[in-house]
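Presented below is the structure to which this report refers.
Letters go in sequence order (proteins before strands), and every chain restarts at 1. These numbers come from a predicted model, not from an experiment.
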Protein chains: 2
Amino acid sequence: MEIGNESRNLQNQPVVDKELVEEVKHKMPDEELLYDLAEFFKVFGDSTRIKIIWALFEADMCVCDIANLLNMSQSAISHQLRVLKNSRLVRYKKSGKTVYYSLNDDHIKKIFELGMEHIME
Amino acid sequence: MEIGNESRNLQNQPVVDKELVEEVKHKMPDEELLYDLAEFFKVFGDSTRIKIIWALFEADMCVCDIANLLNMSQSAISHQLRVLKNSRLVRYKKSGKTVYYSLNDDHIKKIFELGMEHIME
DNA sequence: TTAACATGTGAACATGTGTTCATATGTTCA
DNA sequence: TGAACATATGAACACATGTTCACATGTTAA
């Protein structure tokens, strides 16, 4: 959890272009919105979750098959699926004992592609 | 740093659809590529860096003005700018004592917009 | 019901990460 | 040159995060 910075005392810092700072300050989106955006990207910032998402591009899969695919424990996958679920990136469908997960968002593939473009450059 | 999972012993895990697992396994991109992709998104997963990037959408800015804008210490901003620089998301131009940072990538704005679309839904 | 199974979850642990502090580097101007 | 300034950086610290382990929950089939 990141804490607010209201109580800090950084008033006396040097400024080069005070006018610009004030102008940009007014244009900045709400603190909370930017925080949520960072939280959203944080979900993509783990290679296990990236692999899970990539796998779900190919096919809807159940927890134990994802665990097998990635050679990781069922528990670890389940924990990560919860993170993805909380960010509304995946949805699930129960079928008896097994639970099938699928992608829940059309933006995801585009975001991946743009990320790929960057790291390939 | 994440460690490899070659030495783990998860061979005896249950599988529901072995064929599917094998098929997807062959289609998966290289481990390293997915790792790099996660590392890339990790950079976006911090609200300070998100704010810095957002500020640089508006204008090129020097370190101390960014620090003022975000009401954070110059050191903290400088550290984060290094992270952004290492990911080739920003570039800098020296002008005497001051160093001006600017965005280095056309994908960034698109990625932000897609992220916004998701969290706004 | 009971056994076997698939998944979910809380606690603990190790590791990763962001900020602060003190200080170094490098520039400008007197 | 020396003082003031803008930025960079290493170490330390607190906090966040991912995985493991043990176990709970809920389902199926005998």
Quiz item: For A:Y101, which contact category applies under a 4.0 Å heavy-atom criterion: base, sugar-phosphate, or nothing?
Solution: sugar-phosphate
Quiz item: Can you get from B:L103 to B:Y101 by hopping between Ile, Leu, Val, Met, Phe, Trp and Tyr side chains that sit under 4.5 Å apart?
Solution: yes
Quiz item: Please give, in whole Å, the distance from C:dG26 P to B:Y92 OH?
Solution: 12 Å
Quiz item: Mind checking who C:dA30 pairs with, Watson-Crick or G-U wobble, both distances under 3.5 Å?
Solution: D:dT1
Practice problem: Could you pull out all residues at least two apart from B:E32 that satisfy side-chain contact (heavy atoms from CB on, under 4.5 Å)? | Solution: B:D36
Quiz item: At under 4.0 Å, does any side-chain N or O of A:S73 touch on OP1 or OP2 of D:dT19?
Solution: no
Quiz item: Which residue, B:H79 or B:C64, contacts DNA chain D at a nucleotide closer to its 5' end, judged by nearest heavy atom?
Solution: B:C64
Quiz item: Rounded to the nearest Å, what distance is computed from the CG atom of residue B:L81 to the P atom of nucleotide C:dT19?
Solution: 11 Å
Exercise. Calculate the interatomic distance between A:I66 atom CD1 and D:dT19 atom P; express it in whole Å.
Key: 13 Å
Self-check item: From C:dA6, D:dA8, C:dT19, nucleotide with atom closest to B:S78 side chain
Solution: D:dA8
Quiz prompt | Backbone N/O of A:A38 and side chain of B:D46: donor-acceptor pair under 3.5 Å | solution = no
Self-check item: B/S/- contact track for nucleotides 22-30 of chain D, protein heavy atom under 4.0 Å
Solution: B----BS--
Practice problem: Starting from C1' on C:dT15, measure out to CD on B:E39 and report it in whole angstrom. | Solution: 13 Å
Exercise. Please list all pairs passing the salt bridge (charged side-chain N to carboxylate O under 4.0 Å, His left out) test where one or both residues lie in residues 58-75 of chain A, with sequence neighbours left out.
Key: A:E58-B:K27
Quiz prompt | Length of the CG-P vector between A:N68 and C:dC5, whole Å | solution = 14 Å
Self-check item: Interatomic distance where CE belongs to A:M72 and C1' belongs to D:dT20 [whole Å]
Solution: 10 Å
Quiz item: So which of residues 53-63 of chain B are in contact with DNA chain D, with a heavy-atom cut-off of under 4.0 Å?
Solution: B:C62, B:V63
Quiz prompt | Nearest-nucleotide pick for B:V99, side chain only, options being D:dG18, D:dT7, C:dT7 | solution = D:dT7
Quiz item: side-chain contact (heavy atoms from CB on, under 4.5 Å) with A:K97: which residues, sequence neighbours excluded?
Solution: none
Quiz item: Should A:R82 be listed as having a side-chain N or O under 4.0 Å from OP1 or OP2 of D:dT19?
Solution: no
Quiz item: Which salt bridge (charged side-chain N to carboxylate O under 4.0 Å, His left out) pairs, counting each pair once, include a residue from residues 75-89 of chain B, with sequence neighbours left out?
Solution: none
Exercise. Mind checking side-chain contact (heavy atoms from CB on, under 4.5 Å) for B:V43 and listing every partner two or more places apart, or none if nothing turns up?
Key: B:R49, B:V83, B:L84, B:S87, B:L89
List, one per line, each side-chain donor-acceptor pair under 3.5 Å for residues 16-24 of chain A, sequence neighbours excluded.
| residue | atom | partner | partner atom | Å |
| --- | --- | --- | --- | --- |
| A:D17 | OD1 | A:E19 | N | 3.4 |
| A:D17 | OD1 | A:L20 | N | 3.1 |

Quiz item: Under the side-chain contact (heavy atoms from CB on, under 4.5 Å) test, which residues partner A:S75, sequence neighbours left out?
Solution: A:S73, A:H79
Practice problem: Nearest whole angstrom, please: distance from the C1' of D:dA6 to the NZ of A:K18. | Solution: 18 Å
Quiz item: Rounding to a whole Å, what distance do you find between A:I77:CD1 and C:dT7:P?
Solution: 11 Å
Quiz item: Ring centres of A:F44 and A:F112 under 6.0 Å apart?
Solution: yes
